[in-house]
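Down below is the structure, laid out as structure tokens.
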Amino acid sequence: MKLNLFSKIIFAVLLAFTVNSFVYFGFANIYSSKIFTYPSFQEQFHSGIYQYRILSGYFLIWIYDFLSILNIDYKILKLKFLSANSEPQMYLSFYLLNTFFIMLSAIILTLITESKNFIATNSEKILITSVAIFSIALSQFVVVPYDIPSYFFILLFFYCFIGYLEKQSVSKLILLSAVIIISTFNRESSALSLSLAATLLYAKFGMKKETFLPVIVLGTAFLSVYSGLRLMSDNFTTNDGNLFVQNFTQPKNILGLLFWLVFFTLPLVLAKDQKTVKLILVFHLLSVPYLLLCFYTGILYEIRLYIPLLITSLSLSRTELTGIH
């Protein structure tokens, strides 16, 4: 059955909405059960490394405040919480925020797979998009406000950057810088967009000024926000402690490491040729600072940490740069 672009977008959006809704309303959340109150959210996400991820935090509080005026009877949702003081209003706020952005991510993923530089059959395009959506949904046993918006911004950057490769212009570079700036206000993992840009520019131009100049511009945009947020708070916190040993000794984290290895392999298996395999490997190599920080201060069981690399690698797995002039 052949679908047009509009039909594919509708399918991807409905799939994202359906899967995410089942994750939130079909299961009782164990891992993040302590943050489903307004005071707990404010305490956790306004301290340490979390205090710099401000954009989605504002989105969440705006949704929470908006729900306050609707006089909703939350009993109809039949929500089950492990913590007695959990607020249905806060939980629904997380759901609405993350569902909205996973639907937006589904749209951008579809547009990426439908670009002329994405070489795949219709079935492969739909399946790759579906794998990305299911992977994002699976990772949400850890509920936070900034992850899924960050995936959207990374995918948006990917889509816009393909356009920049086709025809370089100052206006497109400014647009990409704007995406980086907004993305960094949401989460510092926006640095992965720099890794992606460097990967594709190097593959197209090699070690030339056409590679270095855009990376410098985009890197400056990232560092201006990254450093500015920390200067404003008089604190240059980059992590919340050393978890390196726990990541290789605790059973759950070892299971998380297995997820990383399996899903690192998946895009390599799906890659259309050795050139795209190289793109994926170079992207991971240029993402080493992010990877090291994940191993040092992240919790590998929280598989959400690998999702931005997965969705980028899936997008790279069928990208054909030789068609970009």
Side-chain angles (χ1 to χ4, degrees), residues 49 52-56 101-102 104-109 111-113 115 117-118 132 135-136 146-166 168-205 210-229 238 264 267 276 279-294 298 304-317 319 321 324:
I49 191 67
Y52 309 118
R53 302 167 182 176
I54 61 176
L55 185 62
S56 50
F101 275 100
I102 196 175
L104 288 182
S105 298
I107 293 172
I108 300 299
L109 271 165
L111 293 176
I112 289 172
T113 62
S115 66
N117 306 110
F118 196 89
S135 299
I136 292 171
Y146 45 77
D147 275 346
I148 297 186
S150 75
Y151 308 153
F152 164 72
F153 289 121
I154 287 172
L155 290 168
L156 180 62
F157 182 89
F158 190 110
Y159 181 68
C160 294
F161 197 79
I162 293 297
Y164 174 79
L165 286 178
E166 291 178 350
Q168 296 84 51
S169 69
V170 174
S171 60
K172 289 181 180 179
L173 191 56
I174 291 173
L175 173 62
L176 289 166
S177 298
V179 174
I180 284 282
I181 288 171
I182 297 170
S183 182
T184 307
F185 272 110
N186 180 72
R187 197 175 192 274
E188 64 278 1
S189 58
S190 58
L192 293 174
S193 293
L194 300 179
S195 303
L196 170 66
T199 298
L200 294 176
L201 287 167
Y202 174 74
K204 179 173 172 61
F205 299 111
E210 289 86 353
T211 296
F212 292 111
L213 183 59
V215 171
I216 290 172
V217 172
L218 295 172
T220 301
F222 168 78
L223 288 174
S224 64
V225 178
Y226 182 88
S227 302
L229 287 172
T238 59
F264 165 71
T276 48
L279 284 178
I280 295 168
L281 294 177
V282 171
F283 169 66
H284 277 78
L285 179 63
L286 294 176
S287 301
V288 163
Y290 173 83
L291 292 169
L292 290 177
L293 200 58
C294 287
R304 65 190 178 87
L305 296 174
Y306 189 71
I307 296 298
L309 289 97
L310 172 63
I311 59 177
T312 303
S313 298
L314 286 172
S315 300
L316 286 172
S317 68
T319 297
L321 290 182
I324 300 176

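Reckoned from all heavy atoms, side chains included, excluding hydrogens, waters and symmetry mates.
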Look up atom [atom1] in [X] and atom [atom2] in [Y], then write down how far apart they are to the nearest 0.5 Å.
| X | Y | atom1 | atom2 | value |
| --- | --- | --- | --- | --- |
| Leu165 | Asn117 | CG | CG | 8.5 Å |
| Ile216 | Thr211 | CD1 | OG1 | 10.5 Å |
| Ser190 | Ile181 | OG | CD1 | 10.0 Å |
| Ser115 | Leu111 | OG | CG | 9.0 Å |
| Leu55 | Ser150 | CG | OG | 11.0 Å |

Open item on the list: Check the orientation of His284 and Phe264. Use parallel for under 30°, tilted for 30 to 60°, and perpendicular for over 60°.
Closed with: perpendicular
Indicate the atoms forming the closest heavy-atom contact of [X] with [Y], along with that distance.
| X | Y | value |
| --- | --- | --- |
| Ile154 | Ser189 | CD1-O, 4.1 Å |
| Ile108 | Leu156 | CG2-N, 3.8 Å |
| Leu285 | Val288 | O-CG2, 3.0 Å |
| Ile307 | Ser135 | CD1-O, 3.6 Å |
| Leu192 | Phe283 | O-CE1, 3.6 Å |

Open item on the list: Do Arg53 and Tyr146 form a cation-pi contact, if we require the NZ or CZ to be under 6.0 Å from the six-membered ring centre and within 45 degrees of the ring's axis?
Closed with: yes
Taking side chain as C-beta onward, heavy atoms only, is [X] less than 4.5 Å from [Y]?
| X | Y | answer |
| --- | --- | --- |
| Ser317 | Thr276 | no |
| Leu291 | Leu309 | yes |
| Leu201 | Pro214 | yes |
| Glu188 | Leu229 | no |
| Phe118 | Ile162 | no |
| Val217 | Ser177 | yes |

For the backbone of [Y] and the side chain of [X], can you confirm whether one donor and one acceptor N or O come within less than 3.5 Å of each other?
| X | Y | value |
| --- | --- | --- |
| Tyr290 | Leu305 | yes |
| Ser195 | Leu286 | yes |
| Lys204 | Leu321 | no |
| Thr184 | Phe222 | no |

Task: Flag for Ser56-Asn186: side-chain donor and acceptor within less than 3.5 Å - done: yes
- [ ] List for me each residue that meets salt bridge (Lys or Arg N to Asp or Glu O under 4.0 Å) alongside Arg304, sequence neighbours excluded, and say none if there are none.
- [x] Asp147, Glu302
- [ ] Report, as yes or no, whether the 6.0 Å neighbourhood of atom OH on Tyr159 holds more than 12 heavy atoms from other residues, nucleotides or ligands.
- [x] no
- [ ] Verify the neighbour count for atom OH of Tyr202: are there more than 12 heavy atoms of other residues, nucleotides or ligands below 6.0 Å?
- [x] no
Task: side chain to side chain contact (heavy atoms under 4.5 Å, CB included) partner of Ser193, chosen from Ile180, Leu155, Leu218, Thr312 - done: Ile180
- [ ] Go through Thr319 and Phe158 one step at a time and tell me if the side-chain contact (heavy atoms from CB on, under 4.5 Å) criterion holds.
- [x] CA-CA 11 Å; Thr319 297; Phe158 190 110; 3.8 Å; yes
Open item on the list: Counting the benzene-type ring for Trp, do Phe161 and Tyr164 have ring centres under 6.0 Å apart?
Closed with: yes
